[in-house]
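Here's the structure, in structure tokens; my notes come after.
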Amino acid sequence: MIHFDIISIQPGLLESPFQHSILKRGIDKGLISIHVEDLRPYGLGKHKQVDDYQYGGGAGMVMMCEPMMNCIEKLQTGKKYDEIIFLTPDGARMDQKMANKLSLSGNLLLICGHYKGLDERIRENVVTLEISIGDYVLSGGELAAAVLVDSIGRLIPGVLNDETSALTDSFQDDLLAPPVYTRPSNFRGWTIPDILLSGDDSKIDNWRYEQQLQRTKERRPDLLENED
Ligand code: ADE
């Protein structure tokens, strides 16, 4: 069982991603729970302000300390987070190892950034982990949070039907997944490798492993240098 709280000023962006497919199944089975907290009501003044100009000048607004802190403290009541994660392009790059590690958590808090960013004092004093989902800039952290929840949620035992299938994903063991085929074996003259029809499981396993190695060498040689 894993619980995610997500702080967002665009909660609508997170309505759909968790209502389908594998994540939905995990939620329905009670293995995953997700709560999206709208930051806006914590905003200051009659306009419920959550951002302000940056000290020192410069374009772009910065998310303020007070609304964020009040929101975090409210969510923290009666709960201990394993990590308080800020989604940001300058965070540590997300990978399968990170997903595996985070999937062992009980409670995670995800903070979605917007505008020019989040007041550094929250990052220094409250955030415990900063994560980027890749070297590109999104308009906000919401889509990144959805990616994080998906990659972690599917690893929770019982969420996938076939328990072994997460273990054979690309990146587990630092290898890309092998090619897969389904019926028919001949589609418009495009055939499948004979070995897959051989019925010899150990030969098929070897073939798949060879394919994984070859694919990884060709497409992601950097993964083969990662060997711990
Ligand atoms: N927010 C904006 N861009 C992001 C990225 N690449 N990863 C995580 N959060 C982000």
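All ligand and atom numbering here is 1-based and tracks the order in the structure.
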Seminar exercise, completed: For ligand 1, protein residues within the heavy-atom limit of under 4.0 Å are Leu87, Thr88, Pro89, Ile131, Ser132, Ile133, Gly134, Tyr136, Val137, Leu138, Gly140, Ala144
Exercise. Taking the side chain from Thr128 and the backbone from Ile84, do they hold a donor-acceptor pair closer than 3.5 Å?
Worked result: yes
Problem set entry | Ion pair check, Arg220 and Asp174, cut-off under 4.0 Å | no
Problem set entry | Identified side-chain contact (heavy atoms from CB on, under 4.5 Å) partner of Ile2 from the options Leu155, Leu102, Val159, Ile152 | Ile152
Problem set entry | Arg208 atom CZ, over 12 foreign heavy atoms within 6.0 Å | no
Problem set entry | Side-chain donor-acceptor contact under 3.5 Å, Glu210 with Asn206 | no
Exercise. Is the closest side-chain donor-acceptor distance between Glu142 and Ser8 under 3.5 Å?
Worked result: yes
